[in-house]
Enquirer: 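My questions all concern the structure below.
Bear in mind that the values here come from a model prediction, so they are computed numbers and not experimental data.
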Amino acid sequence: LFAYQSQYVLTRIIPYIIGLIVVIVYAFTVNRTLGCIILVGLLLVTANVSFFAREISHKSNQREGTFIKMAQKMNEKFDNLMHIYVNNEQQNALEDYEDLNQDHTNKWQNEMTTSRNCKALITCLTVLTFAVVLFVGYHKVKNKRLSGFQFASLITVFVVYMNRSIKMFMFVPYFARMYGVWSNSVPFVKNIFDHAERKHSDKKILKGSIDFVDVNFHYADESIKVFNKFNMNIKENERVAIMGRSGSGKSTMMRLILG
């Protein structure tokens with residue numbers, strides 16, 4: 001994303017800003033009133049795009065968080081599949097996932113609606129600015145306060161700029177969505193690097209017994225207990241085989257032992 005944005009800035013945004021400055025300076029050279037109208041129109045579009053970009057980014061962040069919860073929930077269901085089947089919890093598990101799926105769908109639709117509104121507002125403000133420039137310029141030409149050639153040249157330049165501006169600003173919702181997804185992933189990526197830099201002890205457990213005493217355990221957001229008052233004792237130097245059907249808690253027990 002960073003590489004793509006850097007390329008986009010160098011090849012699109014910087015040339016656009018240079019061209020925009022030239023257009024505004026030329027507009028003020030031709031007529032101050034028309035130059036002010038174009039500048040005010042640009043500021044209005046920029047302000048509204050900035051507002052919508054923040055909204056889209058925030059909604060994209062929330063939607064991505066819900067998507068990650070869906071993935072985690074599905075993974076937990078697979079890990080605990082046998083318990084769900086044995087306890088006839090299939091319907092509850094399906095309903096939990098459907099609720100998250102519906103929440104994600106609603107947030108996605110809300111995000112897309114905001115993006116659509118942003119693009120519609122960009123178009124409306126740009127066209128409105130063009131209409132005002134046409135109206136004011138026509139009256140100035142009619143009152144002989146501006147030559148027809150100057151007005152025609154300004155309109156030609158402004159149409160080219162307007163078309164370019166709409167294309168540029170239409171990319172803003174996309175970048176805002178990408179930024180929202182990226183910002184949601186930052187804590188996860190940071191945690192990976194922190195974990196990699198964390199010093200691990202090379203000390204190994206070489207002796208001692210393992211005791212489970214009335215252990216109760218269930219996964220987050222799961223009502224079904226994997227262990228319910230589970231007791232087990234493995235004495236030092238004793239070799240024990242942990243056997244059981246899939247989903248009975250063997251891997252969970254090993255995770256608890258390893259901490």
Enquirer: Under 4.5 Å between side-chain heavy atoms, hopping through other hydrophobics if needed: is there a path connecting V240 to I210?
Expert: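 Result: yes, single cluster for both.
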Enquirer: Any non-hydrogen side-chain atom of S57 less than 4.5 Å from a side-chain atom of F175?
Expert: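 No, every pair of side-chain atoms sits at 4.5 Å or beyond.
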Enquirer: Rounded to the nearest 0.5 Å, what separates atom CE in M232 from atom CD1 in I242?
Expert: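 Here the interatomic distance stands at 5.0 Å.
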Enquirer: Indicate yes or no for a side-chain donor-acceptor contact from N163 to the backbone of V159 under 3.5 Å, with no hydrogens or angles considered.
Expert: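 No.
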Enquirer: Under the ring-ring contact (aromatic ring centres under 6.0 Å, His included) test, which residues partner F52, sequence neighbours left out?
Expert: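 Per chain and number, F52 pairs via ring-ring contact (aromatic ring centres under 6.0 Å, His included) with no residue.
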Enquirer: Which pair of heavy atoms, one from G137 and one from L34, lies closest together, and at what distance?
Expert: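 Between these two residues, the closest heavy atoms are N-CD2, 3.8 Å.
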Enquirer: Any chance you could measure L42, atom CG, to F169, atom CZ, to the nearest 0.5 Å?
Expert: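 Interatomic distance, L42 CG to F169 CZ, rounded to 0.5 Å: 5.5 Å.
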Enquirer: Same cluster or not: are V136 and F149 linked, directly or through other Ile, Leu, Val, Met, Phe, Trp or Tyr residues, by side-chain heavy atoms under 4.5 angstrom apart?
Expert: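 Each belongs to a different hydrophobic cluster.
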Enquirer: State which residues pass side-chain contact (heavy atoms from CB on, under 4.5 Å) with S60; sequence neighbours excluded, sorted by chain then number.
Expert: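 With neighbours one apart ignored, the set is R63, E111, R177, V181.
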Enquirer: Kindly write out the residues that satisfy salt bridge (Lys or Arg N to Asp or Glu O under 4.0 Å) with K107, not counting sequence neighbours, or none if the list is empty.
Expert: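 D103.
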Enquirer: Which value, rounded to the nearest 0.5 Å, describes the distance between Q109 atom CD and K59 atom NZ?
Expert: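 Spacing of CD (Q109) from NZ (K59) equals 12.5 Å.
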Enquirer: Determine, step by step, whether L256 and F227 satisfy the side-chain contact (heavy atoms from CB on, under 4.5 Å) criterion, reporting the C-alpha distance in whole Å, the side-chain angles of both residues, the deciding distance to 0.1 Å, and the verdict.
Expert: CA-CA 11 Å; L256 291 175; F227 296 128; 3.7 Å; yes
Enquirer: Tell me whether the centres of the aromatic rings in F158 and Y161 are closer together than 6.0 Å.
Expert: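 When the ring centroids of F158 and Y161 are compared, they turn out to be within the sub-6.0 Å range.
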Enquirer: Would you mind listing every side chain to side chain donor-acceptor pair (under 3.5 Å) that reaches into residues 130-157, with sequence neighbours excluded?
Expert: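 Qualifying pairs: Y26-S153, S147-Q150.
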Enquirer: Within the 4.5 Å heavy-atom criterion, are N31 and F151 side-chain neighbours or not?
Expert: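 They are not in contact (no side-chain heavy atoms under 4.5 Å apart), so the answer is no.
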Enquirer: Between V23 and L43, is there a shared hydrophobic cluster once you connect ILVMFWY residues whose side-chain heavy atoms come closer than 4.5 Å?
Expert: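 Same cluster.
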Enquirer: Please examine the side chains of N231 and D214, heavy atoms only from C-beta on, and report whether any two atoms are closer than 4.5 Å.
Expert: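 Contact flag for D214/N231 side chains = yes.
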Enquirer: With clusters defined by side-chain heavy atoms of hydrophobic residues (ILVMFWY) lying less than 4.5 Å apart, directly or transitively, does I155 cluster with I37?
Expert: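 In one cluster with I37: I155, yes.
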Enquirer: Looking at N110 and N106, would you say the former's side chain and the latter's main chain have a donor-acceptor pair under 3.5 Å?
Expert: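 No; zero donor-acceptor contacts below 3.5 Å.
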Enquirer: State, yes or no, whether a side-chain contact exists between I38 and F28 at a heavy-atom distance under 4.5 Å.
Expert: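 No, side chains not in contact.
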Enquirer: Determine the minimum heavy-atom distance between I56 and C118, stating which atoms define it.
Expert: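 Where I56 meets C118 most closely, the heavy atoms are CD1-CB, 4.3 Å.
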Enquirer: Quick check: do T113 and R116 have side-chain heavy atoms less than 4.5 Å from each other?
Expert: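 T113 vs R116: side chains touch.
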Enquirer: Could you see if I166 belongs to whatever hydrophobic cluster contains V160? Use Ile, Leu, Val, Met, Phe, Trp, Tyr and a side-chain cutoff under 4.5 Å.
Expert: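 No, it is not one cluster - the side chains of I166 and V160 are not joined through contacts under 4.5 Å.
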Enquirer: Report all side-chain donor-acceptor pairs from residues 126-135 shorter than 3.5 Å, counting only partners two or more places apart or in another chain.
Expert:
residue	atom	partner	partner atom	Å
T126	OG1	I122	O	2.7
T129	OG1	L125	O	2.8

Enquirer: Does the side chain of V215 come within less than 4.5 Å of K229's, by heavy atoms?
Expert: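 No; the side chains remain at least 4.5 Å from each other.
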Enquirer: Counting C-beta onward and ignoring hydrogens, is there a side-chain heavy-atom pair between M170 and T123 closer than 4.5 Å?
Expert: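 With C-beta onward as the side chain, the pair touches.
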Enquirer: What pairs with F217 under ring-ring contact (aromatic ring centres under 6.0 Å, His included), at least two apart in sequence or on another chain?
Expert: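 Residues passing ring-ring contact (aromatic ring centres under 6.0 Å, His included) with F217: Y219.
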Enquirer: Classify the ring geometry between W182 and Y179 as parallel (under 30°), tilted (30 to 60°) or perpendicular (over 60°).
Expert: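 W182 and Y179: tilted rings.
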